[in-house]
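Just so you know, these numbers use all the heavy atoms, side chains as well, and skip hydrogens, waters and symmetry mates.
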Amino acid sequence: MKKKIVMNNMIILALFVFYIYVLLRIILFKFRWRDMTFLWQQLQRNLGNPDHLMYQLQSGNFIPFQTIVINIQSLSGWHDFSNLIGNIVAFIPLGIFLILLSKDRGMSFIGVLARSLCLSLSLECFQVFFSLGIFDVDDLLLNTSGGLLGYGAIKLCRRLIENTSNLVQERDMVEK
């Protein structure tokens, strides 16, 4: 039984690593591959030229809900839909993995909130430092919401399984 638990944990960890890899490919590289030389050159250029880094930051969105409202008002295009829904959906697995990988599967709502926000903030900052995109505070909101949705989904599933198990046990007791 212990071997099975260890094997399940290894599988979950491997899936989490794969998920993080895919998340990086989607958010940072927009499905394109960038070699390390390119990334190193971008980082050197930005760190060596603070004006360019400041320009990158100034072109970002620091006003909460600005991009979200724009995307909702113009949901006609694929880009608007994918930006709005994709940022949420991309982080749902994070909330699930955080629970599955936490000790005794007991990470709190605040723990998932903080980790989702930190990962999202890190990715947004990487986009700025490597000139791979712009900083958008709305992405932080949407990504964190996705992590929390994953948390809620796993908690709901766990509660449904427990309730079903309790009903089966009660039925078995009544039948005896």
Side-chain angles (χ1 to χ4, degrees), residues 8-34 36 38-39 42-43 46 53 56-57 59-162:
N8 285 344
N9 288 341
M10 288 176 51
I11 291 170
I12 291 170
L13 184 59
L15 288 171
F16 177 68
V17 169
F18 179 72
Y19 162 73
I20 293 296
Y21 168 77
V22 170
L23 190 66
L24 290 172
R25 290 288 304 261
I26 292 170
I27 292 180
L28 292 182
F29 305 118
K30 316 295 188 245
F31 297 103
R32 293 174 297 215
W33 184 246
R34 306 285 186 174
M36 294 304 289
F38 171 79
L39 294 175
Q42 291 289 94
L43 183 62
N46 288 334
L53 195 55
Q56 285 285 108
L57 283 171
S59 60
N61 171 35
F62 292 92
I63 302 169
F65 302 105
Q66 181 178 23
T67 307
I68 292 171
V69 168
I70 291 169
N71 286 330
I72 288 173
Q73 290 174 344
S74 61
L75 269 178
S76 59
W78 168 250
H79 180 268
D80 297 319
F81 179 78
S82 68
N83 189 47
L84 190 62
I85 303 303
N87 278 311
I88 296 170
V89 170
F91 271 69
I92 290 174
L94 179 66
I96 294 169
F97 279 121
L98 288 174
I99 296 298
L100 294 177
L101 292 170
S102 66
K103 186 175 180 179
D104 299 326
R105 312 253 195 271
M107 185 173 290
S108 69
F109 177 87
I110 299 299
V112 173
L113 173 83
R115 285 166 179 82
S116 298
L117 181 62
C118 285
L119 178 60
S120 181
L121 181 60
S122 298
L123 293 172
E124 290 297 311
C125 290
F126 285 146
Q127 286 185 83
V128 172
F129 283 115
F130 291 104
S131 295
L132 298 170
I134 63 167
F135 184 92
D136 191 345
V137 71
D138 288 344
D139 288 349
L140 295 176
L141 296 171
L142 295 169
N143 295 344
T144 303
S145 297
L148 293 175
L149 281 172
Y151 168 85
I154 195 92
K155 289 293 189 176
L156 179 64
C157 287
R158 186 178 286 161
R159 186 163 290 151
L160 289 173
I161 290 169
E162 288 172 1

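In this structure, Leu94 CG and Ile20 CD1 are separated by 6.0 Å, a value rounded to the nearest 0.5 Å. The line from OG1 of Thr144 to CZ of Arg115 is 13.0 Å long, rounded to the nearest 0.5 Å.
Surrounding OH of Tyr19 are more than 12 heavy atoms belonging to other residues, nucleotides or ligands, all under 6.0 Å away.
Here the rule is side-chain contact (heavy atoms from CB on, under 4.5 Å) with Tyr151, and of Val112, Leu113, Ile96 only Val112 fits it.
Considering only heavy atoms from C-beta on, Ile63 stays 4.5 Å or farther from Val137 through its side chain. Residues Leu101 and Met107 fail the side-chain proximity criterion, which asks for heavy atoms closer than 4.5 Å. You'll find the side chain of Phe130 stays beyond 4.5 Å of the side chain of Leu28, heavy atoms only. At least one side-chain heavy atom of Leu39 sits under 4.5 Å from a side-chain heavy atom of Phe29. With contacts defined as side-chain heavy-atom distances shorter than 4.5 Å, the pair Leu142/Phe91 does not qualify.
Nearest approach of Ser131 to Asn46, heavy atoms of both residues: OG-ND2, 2.8 Å. Scanning both residues, Ile99 and Arg158, for their nearest heavy atoms gives CG2-NH2, 3.6 Å. Here the closest heavy-atom approach between residue Thr67 and residue Asn83 is recorded as CG2-ND2, 3.6 Å. A pairwise comparison of heavy atoms in Leu98 and Ser116 identifies CD1-OG, 4.4 Å as the closest pair.
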